Amino acid sequence: MTTKQSINISQPLDLEQTLESGQAFRWRRADGNKWAGVIDGNIWVLSKKENVIEIESSADPVGGLVNSFHSYFRLDDDLLSIQKEIGTDEFVSAGITKNPGLRILRQNPWETLVAFILSSTSNVPRIARTMELLATELGNPLELNEIKRNSFPGPDALIRAGEQHLRNLKCGFRAPYMISAANYVESGIIDLESLCDVSYSESLDTLKKIPGVAEKIADCVMLFSLEHLEAFPIDRWIRRALTNWYGFDEKASYQLCAEWARSKFHGFSGYANQYIYWDIRQSERPMIGSGSTKALTPK
DNA sequence: TAATAACCTCGCAA
DNA sequence: ATTGCGAGGTTAT
């Protein structure tokens with residue numbers, strides 16, 4: 001049942017920069033410079049040599065492994081031309097220089113929605129831990145060679161589990177939000193996939209109906225799973241870049257800043273956001289605990 | 001309309 | 001050991 005492919009890629013792609021930059025939460029390093037993750041009900045193990053990706057999957061996805069891989073890593077994005085377009089900005093340009101192989105992913109919308117509902121007042125390691133726990137407890141078992149992981153549970157499984165069970169699984173005050181989201185999706189009142197085909201603002205309005213989802217989380221979901229590359233999520237880190245580098249007032253409204261970014265970076269403000277975000281996160285290493293979130297020095 | 005506390009949990013620092 | 005604080009936010013007051 002397990003399948004294996006070699007894929008020759010012509011697009012820039014750095015697995016570490018892409019999978020560790022805080023947009024996806026279920027990737028783990030495996031032996032031999034490989035990466036293991038769970039993508040739409042399959043375990044994938046990836047490695048890269050030169051321009052060849054080796055991919056092993058626990059089963060062949062519908063539509064084929066190569067197509068799934070292309071889709072997940074957005075190899076349809078012409079990264080060099082996007083980088084050229086947004087690299088006119090010096091800070092984005094610096095980010096691109098440090099992480100030239102960082103790509104935005106095209107992830108499963110439901111899983112991405114849950115992940116970012118969980119991100120509220122949290123941090124990356126904890127989001128990853130909780131996502132894994134949800135899969136372990138509520139998903140279906142999968143196996144590839146010696147690797148055992150579980151699929152991420154669908155909305156039906158979260159509804160069946162119920163709020164209290166989700167609280168027991170460390171979701172905290174986000175548990176009722178997740179149940180609401182699951183009900184919207186399972187009932188068909190919100191069709192996540194269809195949000196790919198409507199405008200940014202219509203998609204935003206729809207996502208904001210879900211309790212626990214406001215601008216920031218909606219932007220993350222739209223950027224990482226719903227084809228809206230103009231989404232510009234503003235978290236604490238991006239906020240600081242906006243004030244320290246771009247001269248915005250600390251309390252400039254979310255919408256004002258995001259609109260500014262959309263007009264500055266054309267359709268690709270989401271990519272610009274990711275290069276800035278990950279550059280900051282990498283350089284500001286002692287992020288938690290050390291207390292000194294020392295100010296970014298402009299330029 | 002704008003500010004502020006409360007919300008689960010975890011990990012670090014004093 | 002125990003306590004306080006803040007972490008990729010949002011909601012209610």
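Because the structure is predicted, anything quoted here is derived from the model rather than measured. So you know, we letter chains A, B, ... as the sequences are listed, proteins then strands, and number each from 1.
A cation-pi contact links A:R281 to A:W237, judged by a cut-off of 6.0 Å to the six-membered ring centre and 45° from its axis. Geometrically, A:R262 engages A:Y200 in a cation-pi contact, judged by NZ or CZ lying under 6.0 Å from the ring centre and within 45° of the ring axis.
Of the listed nucleotides (B:dC8, C:dT11, C:dG8), B:dC8 has the atom at the smallest distance from the side chain of A:F173. Nearest to the side chain of A:R129, among B:dG11, B:dA3, C:dG8, sits B:dG11. The side chain of A:Y177 approaches C:dT11 more closely than any other nucleotide in the set C:dT11, C:dG8, B:dC7.
Regarding contacts with the backbone of B:dC8, every side-chain N or O of A:R174 stays at 4.0 angstrom or more from both OP1 and OP2. OP1 or OP2 of C:dA7 sits under 4.0 Å from a side-chain N or O of A:R236. In this structure, A:R126 does not reach the B:dT9 phosphate: none of its side-chain N or O atoms is under 4.0 Å from OP1 or OP2.
Only one option out of A:L102, A:I96, A:T97, A:V92 pairs with A:Q83 in a side-chain contact (heavy atoms from CB on, under 4.5 Å); it is A:I96. Evaluated for a side-chain contact (heavy atoms from CB on, under 4.5 Å) with A:C257, the options A:I238, A:D249, A:L242, A:T243 yield exactly one hit, A:L242.
Among the atoms of the strands shown, only primed sugar atoms or phosphate atoms (P, OP1, OP2) are found under 4.0 Å from some heavy atom of A:K170. At a threshold of 4.0 angstrom between heavy atoms, the contacts of A:C171 with the nucleic acid are absent. Using a 4.0 Å heavy-atom cutoff across all strands shown, A:Q23 reaches at least one base atom of the nucleic acid.
Remark: side-chain polar atoms of A:R103 are not paired, donor with acceptor, to backbone N or O of A:Q17 under 3.5 angstrom. Side chain of A:Y275 to main chain of A:A94: no donor-acceptor pair is present (N/O by atom type, distance under 3.5 Å, no hydrogens or angles).
Distance A:H165 NE2 to B:dC8 C1': 17 Å, rounded to the nearest Å. In this structure, A:I117 places its CD1 atom 14 Å from C1' of C:dT11, rounding to the nearest Å. A:D249 has its CG atom 10 Å from the P atom of B:dA3, to the nearest Å. The nearest whole Å value for the distance from the CG atom in A:D219 to the P atom in C:dT10 is 9 Å. Rounded to an integer number of Å, the gap from CZ of A:R281 to C1' of C:dG8 is 7 Å. One can place OH of A:Y277 at 14 Å from C1' of C:dG9, the figure rounded to the nearest angstrom. The distance from atom CG of A:L134 to atom C1' of B:dT9 is 14 Å, rounded to the nearest whole Å. A straight line from CG of A:L223 to P of C:dG8 spans 18 Å, rounded to a whole angstrom.
Straight-line distance between the P atoms of C:dG4 and B:dA6: roughly 14 Å, to the nearest whole Å. Taking atom P in both B:dT1 and C:dG9, one finds a spacing of 25 Å when rounded to whole Å. Distance check on atom C1': B:dA3 versus C:dG8 gives 22 Å, rounded to whole Å. Look at the P atom in both B:dC8 and C:dT13: the space between them is 14 Å, to the nearest Å. Spacing of P atoms, B:dG11 relative to C:dT10, comes out at 24 Å, to the nearest Å.
Toward the 5′ end of DNA chain C lies the nearest nucleotide of A:S21, the other residue of the pair A:S21 and A:K208 mapping further downstream. Residue whose closest nucleotide on DNA chain C sits further toward the 5' end, between A:D235 and A:P211: A:D235.
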Inset, instruction - Begin with the C-alpha distance, continue with both residues' side-chain angles, and end with the deciding distance and a verdict on side chain to side chain contact (heavy atoms under 4.5 Å, CB included) for A:F116 and A:D219. - result: CA-CA 10 Å; A:F116 284 96; A:D219 273 336; over 6 Å; no
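A heavy-atom distance below 4.5 Å is found between the side chains of A:L144 and A:E56.
For C:dG8, the base has no donor-acceptor partner in the side chain of A:S119 [N/O atoms by modelled type, under 3.5 angstrom].
Side-chain atoms of A:S58 and A:N42 form a donor-acceptor pair, as typed in the model, at a separation below 3.5 Å.
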Inset, instruction - Report the secondary structure of DNA chain C in dot-bracket form, marking unpaired bases with a dot and bases paired to a different strand with |, and treating Watson-Crick or G-U pairs with both distances under 3.5 Å as paired. - result: .||||||.|||||
